[in-house]
Undergrad: 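Got a structure here, written out as structure tokens. Questions coming.
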Amino acid sequence: MMLLFSLSVLLPRKKFIFHYKNVRWARGRNETYLCFVVKRRVGPDSLTFDFGHLRNRNGCHVEMLFLRYLGALCPGLYSITWFCSWSPCANCSIRLAQFLSQMPNLRLRIFVSRLYFCDMEDSRERDGLRMLKKAGVQITVMTYKDFFYCWQTFVARKQSNFKAWDELHQNSVRLARKLHRILQPFETEDLRDAFKLLGL
DNA sequence: ATTTTCAAT
């Protein structure tokens, strides 16, 4: 299992750009990519233990594939950082939160390029993200420096430098604000209750 | 102005 991931080749440039582009209308992104770095705490310092990328397959969301990999790690303290083209769906968030509650030796940071089905106020995906935050996961929208880092680390770039697409920054800021609003402790239910109390 | 989404055909 471990070997499989270590052998994963670098992402082709076009693939990375297409799937990680943080455009508002992500037409045709019917796949999700997950680039990861796993660091292992050894004494006072942490060493890179593994890195690579994954894609959803056979109807299995990429987060669940990665969970299978994490379950096979040898005992120890790990910091995991992943960069996903979509944020997790509601079910994956639930499964992830459950998994992490049983694995206190794991620290997870999730960077996302785009937010998956988060437009509706009452979407289950929004609940899922809040659940992850509660479970101690740090969720962040990718910025230029994150795309740059991914390009350097996971892409077969052949000396080429990362070139930002139009509106990378604006899109990132917009999505970060949206995520921030989603992760606010106040849920719509609370607000509705508050309005009801006020007779509105 | 409107557009999409870990496909389904």
Side-chain angles (χ1 to χ4, degrees), chain A residues 1 4-5 8-38 50-72 80-100 108-133 135 137-143 146-147 150-151 153-155 164-183 188:
Chain A
M1 199 62 177
L4 187 73
F5 286 102
S8 67
V9 287
L10 295 173
L11 264 168
R13 289 180 287 191
K14 275 187 183 165
K15 208 152 243 187
F16 176 80
I17 301 235
F18 180 72
H19 284 284
Y20 279 87
K21 222 175 199 179
N22 60 0
V23 286
R24 180 102 171 81
W25 310 110
R27 180 188 289 275
R29 273 70 170 186
N30 297 319
E31 291 177 334
T32 299
Y33 283 81
L34 187 157
C35 294
F36 65 91
V37 178
V38 177
D50 197 9
F51 74 99
H53 74 267
L54 282 172
R55 198 199 84 184
N56 63 297
R57 280 181 194 283
N58 309 325
C60 196
H61 282 191
V62 71
E63 291 88 345
M64 294 302 103
L65 292 176
F66 192 67
L67 224 58
R68 213 181 285 169
Y69 159 79
L70 286 183
I80 299 130
T81 304
W82 87 43
F83 302 87
C84 222
S85 52
W86 285 114
S87 60
C89 77
N91 291 339
C92 285
S93 291
I94 292 168
R95 295 280 301 278
L96 258 173
Q98 283 172 342
F99 181 85
L100 291 171
L108 177 62
R109 285 192 301 172
I110 298 180
F111 290 84
V112 301
S113 174
R114 297 180 304 268
L115 297 172
Y116 186 70
F117 280 114
C118 283
D119 284 349
M120 305 296 237
E121 286 286 339
D122 59 352
S123 87
R124 291 181 63 232
E125 273 64 28
R126 287 187 175 222
D127 289 333
L129 295 178
R130 285 187 283 262
M131 197 179 298
L132 280 180
K133 186 191 175 188
V137 179
Q138 183 193 311
I139 315 167
T140 314
V141 166
M142 288 173 75
T143 64
D146 304 312
F147 293 113
C150 284
W151 184 263
T153 311
F154 306 106
V155 176
W165 47 84
D166 282 349
E167 310 211 329
L168 180 155
H169 180 66
Q170 293 93 314
N171 289 335
S172 173
V173 168
R174 176 177 53 76
L175 288 165
R177 283 198 189 117
K178 186 166 173 176
L179 179 62
H180 181 76
R181 280 197 303 271
I182 290 170
L183 296 180
T188 51

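Here is the naming used below: chain letters follow the sequence lines, and residue numbers restart at 1 for every chain. The figures that follow rest on heavy atoms only: side chains count, while hydrogens, waters and symmetry mates do not.
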Undergrad: May I ask you to check whether over 12 heavy atoms, not counting those of A:Arg177, lie within 6.0 Å of atom CZ?
TA: no
Undergrad: Would you indicate what A:Ser113 reaches in the nucleic acid, counting non-hydrogen atoms under 4.0 angstrom: base, sugar-phosphate, or nothing?
TA: nothing
Undergrad: I'd like to know if A:Lys21 and A:Asp166 make a salt bridge, using a cut-off of under 4.0 Å between side-chain N and carboxylate O.
TA: no
Undergrad: With a strict under 4.0 Å distance from non-hydrogen atoms of chain A, what nucleotide opens and what nucleotide closes the contacted stretch of DNA chain B, reading 5' to 3'?
TA: B:dT3 to B:dA7
Undergrad: With DNA chain B as reference, determine whether A:Gly59 or A:Trp25 sits nearer its 5' end, using the nearest nucleotide of each.
TA: A:Trp25
Undergrad: Work out which heavy atom in A:Cys118 is nearest to a heavy atom in A:Ser123; give both atom names and the distance.
TA: CA-OG, 3.9 Å
Undergrad: For a salt bridge (Lys or Arg N to Asp or Glu O under 4.0 Å) check, start with the C-alpha distance between A:Arg124 and A:Asp127, then their side-chain angles and the critical distance, and finish with the verdict.
TA: CA-CA 5 Å; A:Arg124 291 181 63 232; A:Asp127 289 333; over 6 Å; no
Undergrad: Determine the interatomic distance between P on B:dA1 and the same-named atom on B:dT5; round to the nearest Å.
TA: 22 Å
Undergrad: Please measure how far the P atom in B:dA7 lies from the corresponding atom in B:dT3, and state the result in whole Å.
TA: 23 Å
Undergrad: Rounding to the closest angstrom, what is the interatomic distance between B:dC6 and B:dT2 at atom P?
TA: 23 Å
Undergrad: Can you name the residues that form a side chain to side chain contact (heavy atoms under 4.5 Å, CB included) with A:Asn171, not counting sequence neighbours?
TA: A:Asn22, A:Glu167, A:Arg174
Undergrad: Donor-acceptor pair, distance only, cut-off 3.5 Å: does the side chain of A:Arg29 make one with the backbone of A:Phe18?
TA: yes
